K.L.:
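Just dropping this structure here.
Since the structure is predicted, the reported quantities are computational estimates derived from the model, not experimental observations.
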Amino acid sequence: VLFCCFCGVLSSIVAQADDKNIDEGGYFTNPIINSGADPWVIQFNGDYYYCFSTGEEIGVRKSKKLQDIGKGELKMVYKPPPNQPYSKELWAPELHHIHNMWYIYFAADDGNNNHHRMYVIEYYSPQGVYTFKGKIAPKTDKWAIDGTVLQTVKSELFFIWSGWEGDVNYRQDLYIAKMSNPWTIAGDRVKISTPQFDWEKRSSPFVIGGINEGPEVFSRGGKVFVVYSASGSWGDDYCLGWIENEDGNVMNPGSWKKKGPVFTKAATAFGPGHASFTKSPDQKEDWIVYHACIRSGGGWAGRSVRIQKFNVGIDHAPMFGSPVKCNEPI
């Protein structure tokens with residue numbers, strides 16, 4: 001996520017949802033949060049937890065209903081100390097429950113985007129004052145953002161993120177590395193996706209070589225998909241694609257097969273991307289949480305948070321369909 005203008009959405013990310021999007025019949029409409037980006041939602045023990053950043057601080061909201069995540073009980077859980085390599089530009093935090101503890105993974109720097117790296121904090125419950133565990137990086141320590149965790153059926157942990165191959169902002173690829181514990185990478189990184197197609201390369205003028213970012217894991221029926229965002233997050237053509245692992249060997253680049261785009265712009269939903277996935281309260285429905293702009297050319301400042309139900313095919317692949325229009329009852 002190349003957020004040179006991330007500060008444009010800081011105040012809005014913590015803004016509450018507008019009650020006007022809930023009608024008397026119990027239906028709601030998108031957007032559920034009028035301004036926000038990179039939404040991460042996790043469901044636990046009947047509650048939804050929405051993890052977000054103000055750019056300087058990380059917060060977690062708790063709600064019973066998915067459509068209420070923007071106005072749930074708020075707890076600001078972490079603010080880094082000043083004058084550290086991770087004190088500024090906190091981006092795209094993700095809240096994960098691993099080994100009966102809670103971890104938040106986030107990208108941060110010292111005010112210079114070229115120095116962005118991934119960091120992790122820990123607490124024993126979703127909302128509380130988290131403890132800094134450290135930087136999470138492979139041996140090849142390069143620019144890194146949008147980290148997420150893959151937990152396999154064998155209880156193995158793998159870290160997946162978006163990064164640069166070298167030290168120049170030319171292209172963003174997806175990398176994976178095995179973890180020895182929730183805060184440590186064991187070994188080096190392996191590239192599993194790079195921008196290949198036109199729909200992944202609409203990212204000029206900031207990133208000439210294309211963008212793969214915002215990786216999120218979707219697992220079903222023994223299959224593992226990494227759904228990611230492609231092209232520039234500031235443009236209308238930001239979209240979702242995925243790579244599917246075909247044999248269980250997640251560290252082998254040849255074991256991943258790409259498909260896309262699988263979720264693209266529509267009326268009142270321009271630049272849809274950076275999604276997370278959750279379930280309905282009864283666990284029977286799959287829901288995607290994502291951001292998009294109401295108007296073409298909305299850029300970073302125009303993003304709002306939306307949700308909608310999606311189906312899963314007989315091949316266990318997600319079927320997202322098209323973004324639901326704003327103000328259309330859901």
K.L.:
List the residues meeting side chain to side chain contact (heavy atoms under 4.5 Å, CB included) with Asp198, not counting sequence neighbours, and say none if there are none.
P.N.:
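Side chain to side chain contact (heavy atoms under 4.5 Å, CB included) check on Asp198 returns Arg202.
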
K.L.:
Group every Ile, Leu, Val, Met, Phe, Trp and Tyr by side-chain heavy-atom contacts under 4.5 Å, then state whether Ile211 and Tyr228 land in the same group.
P.N.:
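No; tracing contacts between hydrophobic side chains, which count when under 4.5 Å, never links both residues.
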
K.L.:
Do you know which of Leu95, Val305, Leu74, Leu66 makes side-chain contact (heavy atoms from CB on, under 4.5 Å) with Tyr50?
P.N.:
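Going through Leu95, Val305, Leu74, Leu66 one by one, the side-chain contact (heavy atoms from CB on, under 4.5 Å) with Tyr50 is satisfied by Val305 alone.
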
K.L.:
Taking the six-membered ring where the residue is Trp, are the ring centres of Tyr238 and His291 under 6.0 Å apart?
P.N.:
yes

K.L.:
I'd like to check Lys75 versus Lys62 (side-chain heavy atoms, cut-off strictly below 4.5 Å). Are they in contact?
P.N.:
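SC-SC contact between Lys75 and Lys62 ruled out.
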
K.L.:
Among Asp167, Asp188, Asp173, which residue satisfies the salt bridge (Lys or Arg N to Asp or Glu O under 4.0 Å) criterion with Lys142?
P.N.:
Asp167

K.L.:
Do any pairs count as a salt bridge (Lys or Arg N to Asp or Glu O under 4.0 Å) and have a residue in residues 269-279, sequence neighbours left out, and if so which ones?
P.N.:
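Non-adjacent pairs meeting salt bridge (Lys or Arg N to Asp or Glu O under 4.0 Å): Lys279-Asp286.
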
K.L.:
Please check if atom NZ in Lys223 has more than 12 non-hydrogen atoms from other residues, nucleotides or ligands closer than 6.0 Å.
P.N.:
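Yes, because the 6.0 Å sphere around NZ of Lys223 holds more than 12 heavy atoms from other groups.
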
K.L.:
I'd like to know if Leu150 and Val227 are part of one continuous hydrophobic network [Ile/Leu/Val/Met/Phe/Trp/Tyr, side-chain heavy atoms within less than 4.5 Å].
P.N.:
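Different hydrophobic clusters.
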
K.L.:
Quick one: which of Tyr124, Tyr49, Tyr123, Phe44 gives a ring-ring contact (aromatic ring centres under 6.0 Å, His included) with His97?
P.N.:
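Running ring-ring contact (aromatic ring centres under 6.0 Å, His included) over Tyr124, Tyr49, Tyr123, Phe44 with His97 returns exactly one hit, Phe44.
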
K.L.:
Give every donor-acceptor pair under 3.5 Å between a side-chain atom in residues 321-330 and any protein atom, sequence neighbours left out.
P.N.:
none

K.L.:
Quick one: are the ring centres of Phe320 and Phe277 less than 6.0 Å apart?
P.N.:
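Close enough - the centres of the two rings lie under 6.0 Å apart.
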
K.L.:
Between Trp40 and His96, is the gap from one ring center to the other below 6.0 Å?
P.N.:
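Trp40 vs His96: aromatic centres under 6.0 Å.
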
K.L.:
Is any NZ, NE, NH1 or NH2 atom of the basic residue among Asp47 and Lys64 found under 4.0 Å from an Asp or Glu carboxylate oxygen of the other?
P.N.:
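Salt bridge present between Asp47 and Lys64.
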
K.L.:
Does a salt bridge link Glu244 with Lys259, judged by any charged N lying under 4.0 Å from a carboxylate O?
P.N.:
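Judged by the 4.0 Å cut-off on N to carboxylate O distance, Glu244 and Lys259 do not form a salt bridge.
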
K.L.:
Looking at every non-hydrogen atom in both residues, tell me the closest pair between Gly298 and Asp236 and how far apart they are.
P.N.:
N-OD1, 4.5 Å

K.L.:
Check Tyr119, Phe159, Trp91 against Tyr105 for a ring-ring contact (aromatic ring centres under 6.0 Å, His included) and give me the one that passes.
P.N.:
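With Tyr105 as partner, ring-ring contact (aromatic ring centres under 6.0 Å, His included) holds for just one option, Phe159.
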
